[in-house]
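The next block holds one structure in the form of structure tokens; read it before the comments.
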Amino acid sequence: MESFSSKSLALQAEKKLLSKMAGRSVVHLFIDETSSEVLDELYRVSKEYTHSRPQAQRVIKDLIKVAVKVAVLHRNGSFGPSELDLATRFRQKLRQGAMTALSFGEVDFTFEAAVLASLLTECRDMLLELVQHHLTPKSQGRIRHVFDHFSDPGLLTALYGPGFTQHLGKICDGLRKLLDEGKL
């Protein structure tokens, strides 16, 4: 007997369509203003660090695609009970990473690239486990690309160095606002 699910087909179409439209106009449908500002600042940091506009655009576009796809999966109830528990732990770990990044940005001489890189790597692994049965290997590669890029100790050290003070301040302001509003 042929197994056909219109719900599954609709979900696949929605993910495909959204991944093709991961531009600035679509981002505002799924991502609030503060998150958008943080993403813009992360783009600027990536661009300055890598000296490559296309590479910076690719990593932010991948981040947006992943965020939108995971949101679509969650909104459509695609995650089972154990996956929802994992999603909660992922959110807590991401929140811990944001609070750590804020602390490093606000308290002089506390920054440790290894600590932040480790938190980001743990987040990557949890997210990969969460979506392993829901997203394609290509999408899972995007997750690796994003987290590996931002957990690079060289990038983190540069971000917390003197040349990126303005960017770090804006990122910390955005993270603080997202944490205060309970969005992160």
* Does the side chain of Glu48 come under 3.5 Å of the side chain of His167 through a donor N or O and an acceptor N or O? -> yes

* Test item: Leu168 and Tyr160 side chains (from C-beta on) under 4.5 Å apart, heavy atoms -> yes

* To do: Would you check if Arg124 and Ile143 make a side-chain contact, meaning some heavy-atom pair closer than 4.5 Å?
  => yes

* **Heavy-atom side-chain proximity of Thr50 to His149 below 4.5 angstrom** => yes

* Asked: At what distance, to the nearest 0.5 angstrom, does CD of Glu122 lie from CZ of Phe147?
  -> 11.5 Å

* Structure fact -> Test side chain to side chain donor-acceptor pair (under 3.5 Å), reference Glu83, set Gln132, His133, His74, His134, output is His134

* To do: Check for a donor-acceptor pair, side chain of Ser46 on one end and backbone N or O of Leu42 on the other, with a separation under 3.5 Å.
  => yes

* Starting at CD of Glu41, measure out to CZ of Phe164 and round the result to the nearest 0.5 Å. => 10.5 Å

* Would you please test Lys177 and Asp180 for salt bridge (Lys or Arg N to Asp or Glu O under 4.0 Å) and show each step? => CA-CA 5 Å; Lys177 189 174 178 183; Asp180 289 347; over 6 Å; no

* Assess whether side chain to side chain contact (heavy atoms under 4.5 Å, CB included) is satisfied between Arg89 and Met126, documenting all intermediate values. => CA-CA 8 Å; Arg89 289 196 326 269; Met126 291 173 92; 3.3 Å; yes

* **Gap between atom CG of Leu119 and atom NZ of Lys93 - 0.5 Å precision** => 5.5 Å

* Asked: NZ of Lys65 to CG of Leu135: how many Å apart, nearest 0.5 Å?
  -> 12.5 Å

* Asked: Going by heavy atoms in the side chains, are Phe104 and Leu156 under 4.5 Å from each other?
  -> no

* Structure fact -> Looking only at heavy atoms, the pair that brings Cys172 and Gly105 closest together is SG-CA, 4.2 Å

* Asked: Mind checking whether Glu106 and Arg176 have side chains closer than 4.5 Å, heavy atoms only?
  -> yes

* Scan side-chain atoms only and decide if Ser139 and Lys69 contain a donor-acceptor pair under the 3.5 Å cut-off. => yes

* Can you tell me if CD on Gln166 sees more than 12 non-hydrogen neighbours from other groups inside 6.0 Å? -> no

* Asked: How many angstroms lie between CG in Asp152 and CG in Leu159, if you round to the nearest 0.5 Å?
  -> 11.5 Å

* Could you tell me whether the side chain of Leu127 reaches within less than 4.5 Å of the side chain of Cys123, counting heavy atoms only? => no

* Any side-chain heavy atom of Ser151 within less than 4.5 Å of one from Leu116? -> no

* Asked: Looking only at heavy atoms, which two atoms of Leu63 and Phe150 are closest? And how far apart?
  -> CD1-CE1, 4.1 Å

* Asked: Between CD of Gln57 and OH of Tyr43, what distance do you get to the nearest 0.5 Å?
  -> 4.5 Å

* To do: Flag the pair Leu73 / Leu130 as yes when at least one side-chain heavy-atom distance between them is below 4.5 Å, and no otherwise.
  => no

* Asked: For the side chain of Thr110 and the backbone of Val107, is there at least one donor-acceptor N/O pair under 3.5 Å apart?
  -> yes

* Closest non-hydrogen atom pair, Leu175 against Ala101 -> CD1-CB, 4.3 Å

* Salt-bridged, Arg58 to Asp62, with N to O below 4.0 Å? -> yes

* Asked: Is it true that a side-chain atom of Thr165 and a backbone atom of Pro162 form a donor plus acceptor pair closer than 3.5 Å?
  -> yes

